[in-house]
Amino acid sequence: MAWFFVGRSLFTLGERGWTLPALWVTLFPVIAGLLFMAYNQSRGHDVRGGLLNFTRVMAALAAVAGLTLVLRAVMLLMSGQADSLATGIDPNFFWLFLALSIAAAAIVGVLIGLPVLKLKGDYLAIITLGLGEVIRVLANNLDLYSAGSQGVTPIKSAAVPVFDRFAAALGFAPDQHNLLFLYLLVLLVIAVVLAVNIRLDKSRIGRAWIAIRDDEIAAQAMGVPLVQTKLIAFATGASFAGVMGMIFAAKQTFVSPESFNFNQSIAVLSMVILGGMGSFPGVILGAAVVTLLNLRVLPGIGEATANVPWIPQQANPGQLQRLIFGIILVAMMLLRPEGLLPSRRRALELHHDDNQEDDSDHGDGNALSNTGAEVYSPGLAPVTENDSAGGKK
C-alpha cells in the first residue's frame, strides 16, 4: 500500500491512464520475491539472509522514491503549474504532500528533540508543550511563508472518481463527496498507525524505549544508545501527527496556527491519561471519552440547566466546562491513576506495593510479624522433621 502511494505521486500524480499498469509492473518483482522466499521457507530453508537483503533493496528504493518526490515538488513549485497555488492547493498535490508531510514532520520532531535530550519526566512534557507554543507563535508571525493568522486556504483533497460515485449513491451532496474518501482514508491511516505501534511495542526499539523510560543509566549500561533511540521516538511520533495533520487540513479545507493551540495539546494529553498510558485500546477509549465530554456531554448539561431558576448564571455548568473537565481529570488521577483500560505493565508499576505479599502467611513458615515463635540460630540443620529450619535454639 505504501508503494502504491509513492507510485501515484511518482507517475504524474495519477492523471495518466498508464499509471496503474506502471504500478503493477513495479510491484510484480516485489510480490514475486516475497512469494519465492515464502515457498523456500515452507520447504525448511533459512530465508533470513534473503529477507535482510530484500529489506535493504526496499530501503534503497524508498530513498530514491523520496528524493524523486522532493525534486518533483521543487520543479512543480518553480514551474507554471504553481500558479494554481494562488487560488488554492491543486488536488493533484494531495498524494505528494501526504508523503512529504511524514518526512517533514519527522525532521521537525528530530529538531525539537535535539535540545531536550537531557530532560525526562514532567520536565520533558513541559518543554515539549512550550516548544509547541513557540512553533505556533512563529507560524503566526511568519506572514511571508505561512500567511500568518489568515492561514492556507482553500485546501482540496484528491479527486477519486470511485469514491465520488459511491458517495453520490449514498446521498451525499456534490460538495461532500470527498468526506467519505477522507473518512475511509483516516480509518486506513489509523489501522496502519496501530499496527506499526503494536509491532514497535514488541520490537527491540520498543523495549529500548521502555528501558530508557524506567532507568536511563541502566539502559545505557546495557548498550542502549540514548541519543539515537530518543530521536527515533520523536521522529516516529511526529510522523504520525504529520500525516494526520495533512488529512485534517484537507478535510477542513483550511489550516492556520490557531487550529493547533495549547488547549488541543492538553486535550490530547487528557486522552492518554483517561484511557491509560501504554494501552492502545485505552487511548482509543480515552479519545472517545474526551471528545464526547467536550462536544456532547458538558455542552448538553449546560443547555439542560440553562433555564433552571435556582441555578445562578455564573454557576451554570455551561460556563464551567473547563472546571468540570479538570475535576474529572483530578478524580481520575486520584482514584484510578492507571486509566480506564491500562496496560498490564503500567498497572503493575503503579500498584507495585499492593502486589507485595507476605508469603509466610500462606504456608507453614513463621510470619514476619512478632508471633512469639522461637528464633533458631542460622546455619544449623533441623534434628527432626517438625523442627523449623535453622536447628535448635
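On a predicted model such as this, the values are computed, not experimentally measured, just so you know.
- Note: Leu117 CG to Thr229 OG1 = 10.5 Å, rounded to the nearest 0.5 Å.
- Separation of atoms CG (Leu298) and CZ (Arg322) is listed at 9.0 Å; rounding is to 0.5 Å.
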Query raised in the report: side-chain contact (heavy atoms from CB on, under 4.5 Å) between Phe240 and Ile102: does it pass, once the steps are laid out?
Result: CA-CA 7 Å; Phe240 296 151; Ile102 301 175; over 6 Å; no
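- Of the inter-residue distances, the one linking Leu269 atom CG with Met271 atom CE reads 10.5 Å to the nearest 0.5 angstrom.
- Across Val47 and Met37, no two heavy atoms sit closer than the pair CG1-O, 3.6 Å.
- Under a 3.5 Å cut-off, the side chain of Glu338 and the backbone N or O of Gly276 do not form any donor-acceptor pair.
- Residue-environment remark: CZ (Phe254) exceeds the threshold of 12 foreign heavy atoms within 6.0 Å.
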Query raised in the report: Would Trp209 and Leu200 satisfy side-chain contact (heavy atoms from CB on, under 4.5 Å), going step by step from the backbone distance to the final call?
Result: CA-CA 10 Å; Trp209 286 339; Leu200 282 175; 4.1 Å; yes
Requested in this report: Apply the test side-chain contact (heavy atoms from CB on, under 4.5 Å) to residues Ile284 and Leu194: give CA-CA distance (whole Å), side-chain angles for both, the deciding distance (0.1 Å), then the verdict.
Outcome: CA-CA 10 Å; Ile284 295 174; Leu194 282 176; 3.9 Å; yes
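- Smallest separation of non-hydrogen atoms from Lys230 and Ile212: CE-CG2, 3.9 Å.
- The two residues Ser259 and Phe248 have their closest heavy-atom pair at CB-CE2, 4.2 Å.
- Taking all atoms of both residues into account, the shortest heavy-atom contact from Thr128 to Leu124 is OG1-O, 2.8 Å.
- The closest side-chain donor-acceptor pair between Glu258 and Asn140 falls under 3.5 angstrom.
- We find the CG-CG distance between Asp46 and Leu51 to be 9.0 Å, quoted to the nearest 0.5 Å.
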Query raised in the report: Run the side-chain contact (heavy atoms from CB on, under 4.5 Å) check on Val110 and Ile232 step by step: do they pass?
Result: CA-CA 8 Å; Val110 171; Ile232 291 174; over 6 Å; no
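- Remark: aromatic rings of Phe36 and Phe54 are distant, center separation not under 6.0 Å.
- Nearest heavy-atom pair, Phe94 versus Met246, reported as atom, atom and distance to 0.1 Å: CD1-CE, 3.6 Å.
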